[in-house]
Amino acid sequence: MSAPARKSAAGGGRGPVAALVLVTAGVFAFLISYSVLAMVLRGGGGGGDGGGIAGVGAEGRRDPVVRMPEWMRKAGGPGARGRRRPFHVALTATDAAYSRWQCRIMYYWYKQMQARPEGADMGGFTRVLHSGKPDGLMDEIPTFVVDPLPAGKDHGYVVLNRPWAFVQWLQKSKIEEEYILMAEPDHIFVKPLPNLAYDNDPAAFPFFYITPSEHEKIIRKYYPEERGPITNVDPIGNSPVIIKKTLLEKIAPTWMNVSLQMKEDQETDKAFGWVLEMYAYAVASALHGVQHILRKDFMIQPPFDKKLDNTFIIHFTYGCDYTLKGVLTYGKIGEWRFDKRTYQDRPPPRNITLPPPGVPESVVALVKMVNEATANLPRWDEGL
């Protein structure tokens, strides 16, 4: 399958509010402080503010994509211009046991793939820990501790801390790489990942359940019509995304503000639910005139994606439930199952039983890779 893409495109006409948004976000992206965050938080669901949000007012089909132009494939592919284009891997995490065991597996496979000759673009690694204090993995995984949102501001939606964590990390840390891969604890690298971005065109995975055009009325609260067509808002979340650090420095404060605004708007919160923060990133990117190269080969999501094909990442967000005859029983606990949510307060055991015959190769590969990681990680059963 050839890799799909969309080139970045600026929005339409810019009204005074939208113009102010970009100027403010661009100038103050690195001047955001705790006092500024406090003002944003107190601001509730009001109109455009200093963080970059513009014009805030009162079923699942595959997303359309276009093919990546051949010139972009050659220019942006591995070994472009004969030089490395390393990216820094960053994932946000909490200190909960559920997050810790996933981070350990993720980091194990990052190191395995980075060590291969084809892993030359895989640069440094940071776990951005937004629990506000160190945990037991500080010596095992490179970690940068940041503060969580003030008590109650995430409304029980812990993912709302992600954009605020990135704002702090970008502001306070020294990142040598020009590009950043935003990843998640439940990502497993199945082969070395090259830099899929091309200059100011970031690369992202298109999610079939992120459908801005089907929610245009809501999206227009945050991305007004004068900014351009609704198709400027990509069908993506913030992860996996490979993006230039300078672009993310501009987008992150806007992403944070839009996320908070969306969560405090009842209509938006009800419509977007657990993917609200993903929509917020897509809107924030569009507000800055940034669109992404859409790469369906970026990752797969078992059990619905059955083959590995040429993918780079397995995202094990869904439960995998099967009969002993290898028949999927999604939505019903299977005779054989692997579901990360089973292990909320403890890590999964070592040497998980392999799936029965007939289960897709993506699920088999996932379990084998989890087993290899847990067999090699020290003190696994202690739940560090």
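For clarity, every value in this text was computed on a predicted model and none was experimentally measured.
In this view, E177 satisfies the salt bridge (Lys or Arg N to Asp or Glu O under 4.0 Å) rule with no residue, not counting sequence neighbours. A search for side-chain contact (heavy atoms from CB on, under 4.5 Å) contacts involving T92 returns V128, H130, R162, A165, F166, not counting sequence neighbours. When the ring-ring contact (aromatic ring centres under 6.0 Å, His included) test is applied to F125, the partners found at least two apart in sequence or on another chain are Y107, Y110. Looking at residues two or more places apart in sequence or on another chain, you find a side-chain contact (heavy atoms from CB on, under 4.5 Å) between D381 and R350. Applying the side-chain contact (heavy atoms from CB on, under 4.5 Å) rule to T311 yields the partners V190, M299, I300; only residues at least two apart in sequence or on another chain are considered. Considering only residues two or more places apart in sequence or on other chains, E178 meets the salt bridge (Lys or Arg N to Asp or Glu O under 4.0 Å) condition with K244. Under the salt bridge (Lys or Arg N to Asp or Glu O under 4.0 Å) criterion, R127 pairs with D135, sequence neighbours left out. Every residue was checked against the ring-ring contact (aromatic ring centres under 6.0 Å, His included) condition with Y108, not counting sequence neighbours, and none meets it. Taking the salt bridge (Lys or Arg N to Asp or Glu O under 4.0 Å) definition, one finds that E216 meets it with R220, sequence neighbours left out. In this view, Y279 and H215, F272 satisfy the ring-ring contact (aromatic ring centres under 6.0 Å, His included) rule, not counting sequence neighbours. Y343 meets the ring-ring contact (aromatic ring centres under 6.0 Å, His included) test with no other residue; sequence neighbours excluded.
A side-chain donor-acceptor contact under 3.5 Å links K191 to the backbone of N310. For Q301 (side chain) and T317 (main-chain N/O), no donor-acceptor pair under 3.5 Å exists by modelled atom type. A distance-only check finds no donor-acceptor pair linking the side chain of T211 to the backbone of E214 [under 3.5 Å]. A donor-acceptor pair is defined here as one N or O able to donate and one able to accept, closer than 3.5 Å; such a pair exists between the side chain of N376 and the backbone of E372. Proximity of a side-chain donor or acceptor of D265 to a complementary backbone N or O of Q261 within less than 3.5 Å is not detected. Between the side chain of Q344 and the backbone N or O of A97 there is no donor-acceptor pair closer than 3.5 Å. Of the possible polar contacts, none joining the H187 side chain to the I314 backbone as a donor-acceptor pair under 3.5 Å is found. The closest donor-acceptor contact from the side chain of E361 to the backbone of L308 lies under 3.5 Å. With hydrogens and angles disregarded, a donor-acceptor distance shorter than 3.5 Å links the side chain of R84 to the backbone of A120. With hydrogens and angles disregarded, a donor-acceptor distance shorter than 3.5 Å links the side chain of Q114 to the backbone of M122.
The hydrophobic cluster analysis finds L324 isolated: no Ile, Leu, Val, Met, Phe, Trp or Tyr side chain comes under 4.5 Å of it, directly or through other members.
Between the side chains of H315 and D186, a donor-acceptor pair is found at a separation under 3.5 Å. Using a 3.5 Å distance cut-off with no hydrogens or angles, the side chains of N232 and Y223 do pair a donor with an acceptor.
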Stepwise salt bridge (Lys or Arg N to Asp or Glu O under 4.0 Å) check, R100 with D95: CA-CA 6 Å; R100 292 199 306 272; D95 60 0; 5.7 Å; no
Verdict with supporting geometry, R337 and D339, salt bridge (Lys or Arg N to Asp or Glu O under 4.0 Å): CA-CA 6 Å; R337 74 184 320 237; D339 186 342; 3.6 Å; yes
Stepwise salt bridge (Lys or Arg N to Asp or Glu O under 4.0 Å) test for R85 and D121: CA-CA 6 Å; R85 297 187 305 131; D121 283 348; 5.5 Å; no
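How far OG1 of T374 is from CE of M369: 12.0 Å, rounded to the nearest 0.5 Å. The line from OG of S362 to CZ of F304 is 10.5 Å long, rounded to the nearest 0.5 Å. Taking CZ of R295 as the reference point, atom CD1 of I242 lies at 9.0 Å (rounded to 0.5 Å).
The side-chain heavy atoms of L160 and M256, taken from C-beta on, include no pair separated by under 4.5 Å. Contact of the V89 side chain with the M106 side chain is registered, since non-hydrogen atoms from C-beta on lie closer than 4.5 Å. Looking at heavy atoms from C-beta onward, H292 lies in side-chain contact with I236 at the 4.5 angstrom threshold. Taking the side chain as every heavy atom from C-beta outward, K172 and F144 approach each other to under 4.5 Å. Using a 4.5 Å heavy-atom cutoff, the side chains of L181 and H88 are not in contact. Considering only heavy atoms from C-beta on, S285 stays 4.5 Å or farther from L287 through its side chain. The shortest distance between side-chain heavy atoms of C103 and I141 falls below 4.5 Å. For the pair T342 and P348, the minimum side-chain heavy-atom distance is 4.5 Å or more.
A pairwise comparison of heavy atoms in V145 and K133 identifies CG1-N, 3.4 Å as the closest pair. Residue V363 comes nearest to P355 through the heavy atom pair CG1-CG, 4.1 Å, listed as atom of the first residue, atom of the second, then distance. Of all heavy-atom pairs spanning V359 and V364, the tightest one is O-CG2, 3.9 Å. Between I210 and D234, the shortest heavy-atom distance links the atoms CG2-O, 4.3 Å. Scanning all heavy atoms of the two residues, the minimum distance from A204 to V241 falls at CB-CG2, 3.7 Å.
A distance below 6.0 Å separates the ring centres of W255 and Y281. For an aromatic pair to be called close, the ring centres must be under 6.0 Å apart, and F312 with F298 fails this.
Checking S99, P148, P185 one by one against T94, the side chain to side chain contact (heavy atoms under 4.5 Å, CB included) holds for a single residue, S99.
Note on I188 and F87: same hydrophobic cluster, where clusters join Ile, Leu, Val, Met, Phe, Trp and Tyr whose side-chain heavy atoms are under 4.5 Å apart, directly or indirectly. V159 and L129 end up in different hydrophobic clusters when Ile, Leu, Val, Met, Phe, Trp and Tyr side chains are linked at under 4.5 Å. Both V158 and L260 are part of a single hydrophobic cluster, where members link through side-chain heavy atoms under 4.5 Å apart. A single hydrophobic cluster is seen to contain both L377 and F189, as judged by linkage of ILVMFWY side chains at heavy-atom distances under 4.5 Å, directly or through other members. Cluster annotation: W169 and M138 are assigned to distinct hydrophobic clusters (Ile/Leu/Val/Met/Phe/Trp/Tyr, side-chain heavy-atom contacts under 4.5 Å, transitive).
Aromatic ring orientation, Y322 versus W336: tilted (interplanar angle from 30° to 60°). Relative ring orientation between W380 and W101 is described as perpendicular, the plane-to-plane angle rising above 60° on a 0-90° scale split at 30° and 60°.
A salt bridge does not link K263 with E277: every distance from a Lys NZ or Arg NE/NH1/NH2 to an Asp or Glu carboxylate oxygen is 4.0 Å or more. Salt-bridge annotation for D309 and K307: absent, with no side-chain N of the basic residue lying under 4.0 Å from a carboxylate O of the acidic one.
Within a 6.0 Å sphere centred on CZ of R341, heavy atoms belonging to other residues, nucleotides or ligands number more than 12. Heavy atoms from other residues, nucleotides or ligands lying under 6.0 Å from CD of E176 number 12 at most.
In this structure, K245 forms no cation-pi arrangement with Y179, as its terminal cationic atom is not both closer than 6.0 Å to the ring centre and no more than 45° off the ring axis.
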